[in-house]
Number of protein chains: 2
Amino acid sequence: MQDKINDILKKNHLSITEARKKILALFWESGNAMAHGDIEQKSSEEFDRVTIYRTLQTFVEKGIIHTIPTADNSVRYALCKDECGAGHHHDDHVHFICDDCGTTYCIDEVNVPKVKLPKGFKAAQTDLVISGTCNKCEQ
Amino acid sequence: MQDKINDILKKNHLSITEARKKILALFWESGNAMAHGDIEQKSSEEFDRVTIYRTLQTFVEKGIIHTIPTADNSVRYALCKDECGAGHHHDDHVHFICDDCGTTYCIDEVNVPKVKLPKGFKAAQTDLVISGTCNKCEQ
DNA sequence: AATATTTTGCAACAAAGTTGCATTGTTGTA
DNA sequence: TACAACAATGCAACTTTGTTGCAAAATATT
């Protein structure tokens, strides 16, 4: 996995640093989306808060991760599909946020339907955000 | 309009106060979604920041307004359809956020398609968030 | 290995949101 | 309408979240 991570960083002309390797690895291990706070905790204060902010920002700019809209104000990040292995890039995402445990899932099986917008509106990105109860939290 | 506003507040067992009347009126006048900051500006610092936070929170709890997920971390609020006059309540929303001017539109003409989720996932709310260029910002 | 470039951590700051409590405003009742 | 009960507001202090500039450290380039 370390090789894969190095590849991604090289491909994006980024220096290979401890912080970037660790944070990328965290995304892989978790599988789900993570908020800044999650990363801060999971890296057990190994890196400065500022470094994490800047790393996430860099990753978003390079298209390695993407932000997920949430109704509360917590920004969450997840690996872009490109980097998930599927190998095709697109800007449409379906995400499921569990109201119980807060976990954010990327739902890849579902396609975002094309929406016909009123005249003059041009879509650049479409996010379908579904909240409810996940399969771990249902009784 | 003042009557309508009073009705809504009464119906929800809320005291009729200046702050609530003014903030509800702002939502009507604007037509679009508003962030906390917008409200603070538009009420020209008539009310304490804390009052605005608490009022918005109360309105959300009572189902008078709802939050809109956004990819940046700005929480936005909009009137629920119930209170918009359409008279039917549902938890599915289509919103358009302009990357240029930042305006958030509630797109009512479009229906959120029902999405089939993996086993064990139960949807409570579905938000379709589209970002791009609005009809005022296109050249 | 030495230099150029990039990244990091620190400090200081700005913005956003929260909490407790005394004061004020609103409501229901006599 | 006046009074008591209750709810909402404003203030102050605080926490959390995110940003910026700059020197020190790590990484890349030759």
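Within every chain, numbering begins at 1; the chains are lettered A, B, ... in the order of the sequence lines, protein sequences first and strands thereafter. If you're wondering where the values come from, they're calculated on a predicted model, not measured in any experiment.
In this structure, CG in Leu26(A) is found 13.5 Å from NZ in Lys21(A), a value given to the nearest 0.5 Å. Atoms OG1 and CZ, on Thr51(A) and Arg20(A) in that order, are 10.0 Å from each other to the nearest 0.5 Å.
If you take CG of Leu9(B) and P of dA7(D), they are 16 Å apart, rounded to a whole angstrom. Look at CG on Asn6(A): it is 14 Å from C1' on dA28(D), rounded to the nearest Å. Computed from coordinates, the Leu56(A) CG to dT19(D) P distance equals 11 Å when rounded to whole Å. In this structure, the NE2 atom of His36(B) is 15 Å from the C1' atom of dT17(D), given to the nearest Å. Taking atom NZ of residue Lys21(B) and atom C1' of nucleotide dT26(C), one finds them 11 Å apart after rounding to whole Å. Between the OH atom of Tyr53(B) and the P atom of dG10(D) there is a distance of 15 Å, given to the nearest Å. Rounded to whole angstrom, the span from the CD atom of Glu40(B) across to the P atom of dA14(C) amounts to 17 Å. The separation between Tyr77(B) atom OH and dA16(C) atom P is 12 Å, rounded to whole Å.
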Could you pull out the protein-nucleic contacts involving nucleotides 4-10 of chain C (nitrogen or oxygen on both sides, under 3.5 Å)?
unit_1: dT6(C); atom_1: O3'; unit_2: Ser15(A); atom_2: OG; d: 3.4
unit_1: dT7(C); atom_1: OP1; unit_2: Arg20(A); atom_2: NH1; d: 2.6
unit_1: dT7(C); atom_1: OP1; unit_2: Arg20(A); atom_2: NH2; d: 2.9
unit_1: dT7(C); atom_1: O5'; unit_2: Arg20(A); atom_2: NH2; d: 3.3
unit_1: dT8(C); atom_1: OP1; unit_2: Thr17(A); atom_2: OG1; d: 2.8
unit_1: dG9(C); atom_1: OP2; unit_2: Asp48(A); atom_2: N; d: 3.2
unit_1: dG9(C); atom_1: OP2; unit_2: Thr51(A); atom_2: OG1; d: 2.4
unit_1: dG9(C); atom_1: N7; unit_2: Arg54(A); atom_2: NH2; d: 3.2
unit_1: dG9(C); atom_1: O6; unit_2: Arg54(A); atom_2: NH2; d: 2.6

Please tabulate, one pair per line, each protein N/O and nucleotide N/O from nucleotides 3-6 of chain D that are separated by under 3.5 Å, including the distance.
none

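The nearest pair of heavy atoms linking Cys98(A) to Cys134(A) is SG-N, 3.5 Å. Taking every heavy atom of both residues into account, Trp28(B) and Met1(B) meet most closely at CB-SD, 3.9 Å.
Ring-centre distance between Phe59(A) and Phe27(A): not below the 6.0 Å cut-off.
Listed by chain and number, the residues in a salt bridge (Lys or Arg N to Asp or Glu O under 4.0 Å) with Lys42(B) amount to none (sequence neighbours excluded). For Arg49(A), the side-chain contact (heavy atoms from CB on, under 4.5 Å) partners two or more places apart in sequence, or in a different chain, are His36(A), Glu40(A), Tyr53(A).
Ile68(A) and Leu117(B) end up in different hydrophobic clusters when Ile, Leu, Val, Met, Phe, Trp and Tyr side chains are linked at under 4.5 Å.
By the 4.5 Å side-chain criterion applied to Ile, Leu, Val, Met, Phe, Trp and Tyr, Val129(A) is assigned to a cluster that also includes Ile97(A).
Of the possible donor and acceptor atoms, one in the side chain of Lys62(B) sits under 3.5 Å from a partner among the backbone N and O of Asn12(B). For the pair Ser15(B) (side chain) and Thr17(B) (backbone), a donor-acceptor distance under 3.5 Å is absent.
Helix bend of the helix from dA1(C)-dT30(D) to dA30(C)-dT1(D): the angle between its two end axes, each built from five pairs, comes to 40° after rounding to 10°.
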